[in-house]
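One structure is given here, and the rest of the page talks about it.
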Amino acid sequence: MEYSSDDVSVVSSGDEMLNIVVPFSQDSATQKAKGKKSESDDDTSVGSPGKKRKRVDEDVGNLKDDNNDNIAADDKNNDAIALADATTAFKIQFNDQKLGATNKLFWNERRQKKNAALYPVRVVPREEVVGLCLKEWDFETERPVQYIQYPHKQIKRDLGLYDVVSVKSLTPYHGDGPTDSWCSKRIQQYSKQLKRTLKGLTEIDLLTEEAFLKLVLAQSLKEEENERERSLLAETAPAEESAASENEYEQIENDSDDDEDIDGSGGGRRSRLCRSDSVKSEPLRVGDIIEYYKPTSVAGNPDALCEAEVKFINPRGNPILITSDIFTILPSDHQVKRVKRMHRGKHLDHPNGRFRAINNYVLKKEGNPNAVRDIMAETTARTKATIQRAKDEISSRMDDGGFFPRDLLRN
């Protein structure tokens, strides 16, 4: 049986019909599933979105850590720069000046229109403002102060100025917080005030201002601690030394009295008072007569040799001695010699005295602390009495001579 070409074409077309997949059949669904699987395999081979997202998150985290490290490093650098600038300004402005205890540091609050301005200040003693053009102040209601501020370049006026302010405008530097730091609330308010009044201030400038105030407080705390230690030492060791010296002095005085009663010469064991310059063995008391050379002259000049009576002694004072010569101030290391000593209300010669520094004598606080005022009053009264005697003598002579122009005498 022979087939024609038409029959072959029909057969081939029939085979093709068998390979056709009917839509929505099971085979079509299987092919779609296979196609999706192959596509997913291709995507996985290139790189999945989940892995990309994870890698991006890690990069962002690393970036944040780097930024935080850079910010911390910048903060450290800014703090170091601020501290260095503040230290330099502190040394220049105060120049080893004593700032006093922390109870001298305050915030001064001033009302300017609607706003209140804050200024850190230091209450200063009267001696520090002598010669300055300040108004007279009432010590009960006002205080002299010095402004504490870092010398920013935006400030055109002089720094470290002094002024007189009201006591009511002063509040303690620490506010209600601890005493080892400035009040944080007022520091923030003060920083805002600086940014508002001084244009162009940077963050480093504000850090420098705060570091400057911290240096002032640290120096004040240090001085307060040193003063406390000195007070403790003065209350312990010097008290024991003074008591021992007093006992020794009383024993020496008793021995000297016994010697005087025996031979009347006043000698004997009195030489024990002067053993060496390094040992405090010779006492100096109120009523003793001392001999010294004027501090403004050359030692050994006979014209500069003076004598004076000791009126008041304060071992921790400056000066230590107040003598009858109130116009001569003797430094603590000035050389004086005790030539007479007060004994039972009388001056007795002290031939064994020798020149030694005032602070090398055994001293105790005694005498009249108002000796200068009393001596001045006595001198004034004596001068007025002398003038009055001269007036009376002239008046009597005028009466005797018959010439009495009393208008020439002025009271």
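Just so we're clear, the structure is a prediction, and the values are computed from it rather than from any experiment. Quick note: numbers below take in every heavy atom, side chains included, and nothing from hydrogens, waters or symmetry partners. Residues take their numbers from the sequence shown, with the count starting at 1.
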Looking at [atom1] of [X] and [atom2] of [Y], how far apart are the two atoms once the value is rounded to the nearest 0.5 Å?
X	Y	atom1	atom2	value
R143	K104	CZ	NZ	8.0 Å
K340	E307	NZ	CD	7.0 Å
L170	L105	CG	CG	11.0 Å
I320	N314	CD1	CG	8.0 Å
I322	I375	CD1	CD1	8.0 Å

Practice prompt. Assess whether atom CD of E140 is packed by more than 12 heavy atoms of other residues, nucleotides or ligands within 6.0 Å.
Written response: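 No, the 6.0 Å shell around CD holds no more than 12 heavy atoms from other groups.
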
Discussion item. Using a 6.0 Å cut-off, check whether atom CZ of R316 has over 12 heavy atoms from anything other than its own residue.
Written reply: no

Least distance between heavy atoms, [X] atom then [Y] atom:
X	Y	answer
Y150	A89	CE1-CB, 3.5 Å
G100	E223	N-OE1, 2.8 Å
A357	D333	CB-O, 3.9 Å
V124	Y162	CG1-CE2, 3.9 Å
F312	N368	CB-O, 3.3 Å
F355	E291	CE2-O, 3.4 Å

Worksheet entry | Partners passing side chain to side chain contact (heavy atoms under 4.5 Å, CB included) against E109 (at least two apart in sequence or in another chain) |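 Partners of E109 under the side chain to side chain contact (heavy atoms under 4.5 Å, CB included) test: R111, A116, L118, R186.
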
Discussion item. Could you check whether Y190 and W107 have their ring centres less than 6.0 Å apart?
Written reply: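 Yes, the ring centres sit under 6.0 Å apart.
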
Item to complete: Write out all pairs satisfying salt bridge (charged side-chain N to carboxylate O under 4.0 Å, His left out) with one or both partners inside residues 199-215, taking only residues at least two apart or from two chains.
Response: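 Counting only pairs at least two positions apart or across chains, the salt bridge (charged side-chain N to carboxylate O under 4.0 Å, His left out) contacts touching residues 199-215 are E210-K214.
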
